[in-house]
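For reference, the structure discussed in these notes is given below.
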Number of protein chains: 2
Amino acid sequence: MTGMTAAPSPASAADRPRLGLRERKKIKTREAIRAATYALIEEQGYDATTIDQIADRAEVSPSTVFRYFPTKEDIVLTDEYDPLILEELRARPADEPWTDSIRYVTQRAVQAGVEEDIKVSRLRSRLVAEVPAVRSRMLESMSVTGRMICQAIAERTGRAPGELEVRVYAMALIGGLMEATLYWAEHGHQDGYAALVDRTLDVLEHGLAGEKR
Amino acid sequence: MTGMTAAPSPASAADRPRLGLRERKKIKTREAIRAATYALIEEQGYDATTIDQIADRAEVSPSTVFRYFPTKEDIVLTDEYDPLILEELRARPADEPWTDSIRYVTQRAVQAGVEEDIKVSRLRSRLVAEVPAVRSRMLESMSVTGRMICQAIAERTGRAPGELEVRVYAMALIGGLMEATLYWAEHGHQDGYAALVDRTLDVLEHGLAGEKR
DNA sequence: GCCTGAAATGAGAGTAGCTCTCAAAACATG
DNA sequence: CATGTTTTGAGAGCTACTCTCATTTCAGGC
């Protein structure tokens, strides 16, 4: 959801025999493409890295790269945690203030992403900060998550999910989290990402003047 | 700033003789390209409209189109009011609460844009809602404005402009305004844009639960 | 009016992201 | 192992965008 969350981990030993050879190959290809992309970007930068080079190193054809990822930016950014996040949001106790629920779930997503692979998280945030196309794509993907958040807020507050106020709050949240990510990258990842997210949520809840909770 | 603000009006009669032939031609070309773009988009939609077609109708070469606008999206979105907005923000009385200043200036920008050409404002917002590339470009351009707003907030509150909290607030504002624009377009421009912006700022100031001011 | 330097334009080649099609290869299933 | 389905590779094609260079168009002094 934050875009910093990691891609799903490779199939664990338990379910590997469950999957057919076809499925396993697909996962392998996906990861080969991503690994090749990360490596090339660190060597030469984002713009200088072409799809053809990625295909070469991943040992697939360029067509295959596009079959797996709709755009070059998606190779870097794609994660598939959104549905899990919504589920977790729904699982929060009904009497918990909804802002706390959002805080909890956001923090969990961040933790999961950073724990999965801190190096990838850093590379991603760096690219988000430095490459406009990547930043745009991330905002777009976060907006989708925003719609989900509208749903969750609506359920908790009894408002309509399409109501302007709800949508504005959700999108403000997205914007704030994006800025936190930028801040993290621009300051060389010195601060803890989780702490930055916490401060971000404070601003959203209490405004700029508001005391820290 | 909102992206819905209009492009600067054509040189008024007073300063036309002041400008050389060269400058006047440049302005004319700029407007010809934009007019051609708007017309073609209404006829065939955004994606179906190519740079070559735009160049044809504007009676310039494709190279010239790119000389005037860095990207296709910019032909639709570009406005140059940002510096004026910052100036106006600085001109607000120092004892006015800074949230009120932002509200005033935002409203003025919206008014100016809508009054300039309501049809263009509507087309723009429609494109922002419907074409991802345009929406992305608009967010990017609004982010630039966001940096300016950081500056203004910092001056008023005595905080540092680079402080996380300030940046988060500014970006949340941007996100909220974007969502208001989307809402406006998605509801067929029924509501007044200014009213939507007002409600948006309420959310930013008082949170979702907050009473209307 | 004319000449000279500077700026704007047009033509064209080139790059890269992305789409589409179609045939060949790899897997699944009986 | 034969059959049908998926996945892949090869390649053509489109378009946004960049760069270069020759040509045209304007500005200002003579």
Side-chain angles (χ1 to χ4, degrees), chain A residues 11 16-34 36-37 40-41 44-78 127 131-138 140-141, chain B residues 11 16-34 36-37 40-41 44-78 127 131-138 140-141:
Chain A
R16 192 169 309 159
R18 280 262 172 229
L19 294 171
L21 177 55
R22 215 153 229 172
E23 310 294 323
R24 269 176 287 153
K25 270 209 163 180
K26 266 163 85 170
I27 292 173
K28 259 187 154 178
T29 304
R30 242 188 127 73
E31 280 169 5
I33 293 173
R34 242 198 292 256
T37 306
L40 283 167
I41 286 179
Q44 347 165 325
Y46 183 85
D47 288 329
T49 301
T50 73
I51 299 287
D52 283 3
Q53 292 175 336
I54 294 171
D56 262 18
R57 183 163 307 194
E59 295 185 296
V60 294
S61 77
S63 343
T64 300
V65 175
F66 283 116
R67 232 186 296 271
Y68 279 80
F69 301 94
T71 73
K72 190 176 154 188
E73 293 86 47
D74 280 295
I75 307 179
V76 175
L77 289 178
T78 309
L127 291 174
V131 184
V134 174
R135 180 168 52 247
S136 290
R137 191 69 194 77
M138 168 144 167
E140 199 64 26
S141 120
Chain B
R16 191 170 309 160
R18 280 265 170 228
L19 293 171
L21 177 55
R22 215 152 227 171
E23 309 295 322
R24 270 177 286 155
K25 269 208 164 178
K26 267 164 86 171
I27 293 173
K28 260 187 151 176
T29 304
R30 239 187 131 73
E31 281 168 6
I33 293 173
R34 241 198 293 255
T37 306
L40 283 166
I41 286 178
Q44 346 167 326
Y46 183 85
D47 288 330
T49 301
T50 72
I51 298 286
D52 283 4
Q53 291 175 338
I54 294 171
D56 261 18
R57 183 162 306 195
E59 295 185 296
V60 294
S61 78
S63 340
T64 300
V65 175
F66 284 116
R67 232 186 294 273
Y68 279 80
F69 301 94
T71 73
K72 190 175 156 189
E73 293 85 46
D74 280 296
I75 307 179
V76 175
L77 289 178
T78 309
L127 290 175
V131 184
V134 174
R135 180 167 51 247
S136 290
R137 192 68 194 75
M138 167 142 167
E140 200 63 26
S141 119

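The sequence lines fix the lettering, A, B, ..., with proteins before strands; numbering per chain opens at 1. Owing to the predicted nature of the structure, the values given are computational and were not obtained by experimental measurement.
Put simply, CZ on F69(B) is 19 Å from C1' on dT15(D), counting in whole angstrom units. For D74(A) and dG17(C), the CG to P distance is 14 Å, given to the nearest whole Å. The distance from atom NZ of K72(B) to atom C1' of dC18(C) is 14 Å, rounded to the nearest whole Å. Remark: P of dA16(D) and OH of Y46(B) are 8 Å apart, rounded to the nearest angstrom. Rounded to an integer number of Å, the gap from F66(B) CZ to dA16(C) C1' is 13 Å. In this entry the distance linking NZ of K26(B) with C1' of dT9(C) reads 12 Å, nearest Å. If you take CD of Q53(A) and P of dT15(C), they are 13 Å apart, rounded to a whole angstrom. Atom CG in D52(B) sits roughly 12 Å away from atom C1' in dC17(D) (whole-Å rounding).
If you check every strand for non-hydrogen atoms under 4.0 Å, T50(B) touches sugar and phosphate atoms only.
For dA10(D), the OP1/OP2 oxygens have no side-chain nitrogen or oxygen of S63(A) closer than 4.0 Å. For Y68(B) and dA8(C), the shortest distance from a side-chain N or O to OP1 or OP2 is not below 4.0 Å. Contact annotation: T29(B) reaches the phosphate of dT9(C) (side-chain N/O to OP1 or OP2, under 4.0 Å).
Nearest nucleotide to the R67(A) side chain, out of dC17(D), dT8(D), dG10(C): dT8(D).
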Please tabulate, one pair per line, each protein N/O and nucleotide N/O from nucleotides 25-30 of chain D that are separated by under 3.5 Å, including the distance.
| unit_1 | atom_1 | unit_2 | atom_2 | d |
| --- | --- | --- | --- | --- |
| dT25(D) | O2 | R22(B) | NH2 | 2.8 |
| dC26(D) | OP1 | K25(B) | NZ | 2.7 |
| dC26(D) | O2 | R22(B) | NH1 | 3.3 |
| dC26(D) | O2 | R22(B) | NH2 | 3.2 |
| dA27(D) | OP1 | L21(B) | N | 2.8 |
| dA27(D) | OP1 | R22(B) | N | 3.2 |

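For the pair S61(A) and D47(B), both in contact range of DNA chain D, the more 5′-proximal nearest nucleotide belongs to S61(A).
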